[in-house]
Amino acid sequence: QVQLVESGGGLVQPGGSLRLSCVASGAILTIPVMKWYRQAPGKERELVAVSASGRATTYADSVKGRFTISRDDAKNTVYLQMNSLNPEDTADYYCAADIVHCRGCVPYDYWGQGTQVTVSS
């Protein structure tokens with residue numbers, strides 16, 4: 001019914017940048033919250049950034065000042081601009097969204113399949 005598809009991952013050298021994208025498609029009325037998570041090998045999943053309706057944003061301390069979350073509501077898309085990347089940022093990155101399908105409906109939580117980011121020289 002709803003799909004989230006991430007793109008933009010890859011291999012980058014320390015100090016480099018990447019921009020992740022996540023497009024939501026399907027039966028969507030509104031998307032109150034869009035989020036980025038990451039999970040490194042052997043580690044727990046970490047909430048990286050949140051974009052709420054009204055453009056309020058929050059970030060994990062580990063990425064503040066380096067990562068920027070933004071969204072294009074007309075395209076149902078959320079972005080994660082990642083600058084000054086370091087090897088500790090290596091992980092699978094997932095987008096998630098609270099999606100409202102219809103007026104008066106409660107939001108449901110959806111996840112993408114993930115995109116891999118590797119920071120290495």
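In this structure, Gln81 and Phe67 have side chains that are not in contact, with every pair of non-hydrogen atoms separated by 4.5 Å or more. Taking the side chain as every heavy atom from C-beta outward, Thr115 and Leu20 approach each other to under 4.5 Å. Side-chain contact between Leu85 and Leu18 is present, with heavy atoms from C-beta onward closer than 4.5 Å. A heavy-atom distance below 4.5 Å is found between the side chains of Pro87 and Val119. Contact annotation: the side chain of Gln1 approaches that of Tyr110 to within less than 4.5 Å [non-hydrogen atoms, C-beta and beyond].
Glu88 and Ser62 form no side-chain donor-acceptor contact under 3.5 Å, judged by distance and modelled atom types alone. When only modelled atom types and interatomic distance are considered, Ser17 and Asn83 share a side-chain donor-acceptor pair under 3.5 Å.
Criterion: ILVMFWY side-chain heavy atoms under 4.5 Å apart, direct or through other members. Under it, Tyr93 and Val33 are not part of a common hydrophobic cluster. Hydrophobic clustering keeps Val78 apart from Val50 (ILVMFWY residues linked when any side-chain heavy atoms are closer than 4.5 Å, directly or through intermediates). One hydrophobic cluster holds both Met34 and Ile28 under the rule that ILVMFWY side chains link at heavy-atom gaps under 4.5 Å. Ile31 and Val5 are assigned to two separate hydrophobic clusters, defined by single-linkage of ILVMFWY side chains at heavy-atom distances under 4.5 Å. The cluster map of Ile, Leu, Val, Met, Phe, Trp and Tyr, joined by side-chain heavy atoms under 4.5 Å apart, puts Val2 and Trp36 in the same cluster.
Once rounded to the nearest 0.5 Å, the distance linking CD1 of Ile69 with CZ of Arg71 reads 8.0 Å. Rounded to the nearest 0.5 Å, atoms OG1 (Thr30) and CD1 (Ile99) are 9.0 Å apart. In this structure, Cys105 SG and Leu29 CG are separated by 8.0 Å, a value rounded to the nearest 0.5 Å. Interatomic distance, Lys35 NZ to Leu80 CG, rounded to the nearest 0.5 Å: 14.5 Å.
A cation-pi contact, defined as under 6.0 Å to the ring centre and within 45° of the axis, links Arg45 to Tyr94. Annotation: cation-pi pair Arg19/Tyr79 present, NZ/CZ under 6.0 Å from the ring centroid and within 45° of its normal.
At least one donor-acceptor pair under 3.5 Å links the side chain of Glu6 to the backbone N or O of Cys95.
Sparse packing is recorded around CD of Gln3, with 12 or fewer heavy atoms of other residues, nucleotides or ligands lying under 6.0 Å away.
Residues Asp109 and Ala96 share a closest heavy-atom pair of OD1-CB, 4.2 Å. Taking every heavy atom of both residues into account, Tyr59 and Lys64 meet most closely at O-CE, 3.4 Å.
Between Lys75 and Asp73 there is no salt bridge, since no side-chain nitrogen of the basic residue lies less than 4.0 Å from a carboxylate oxygen of the acidic one.
For Trp111 and Tyr37, the ring centers sit closer than 6.0 Å to each other.
Of the listed residues (Leu47, Val48, Val117), just one forms a side-chain contact (heavy atoms from CB on, under 4.5 Å) with Arg38, and that residue is Val48.
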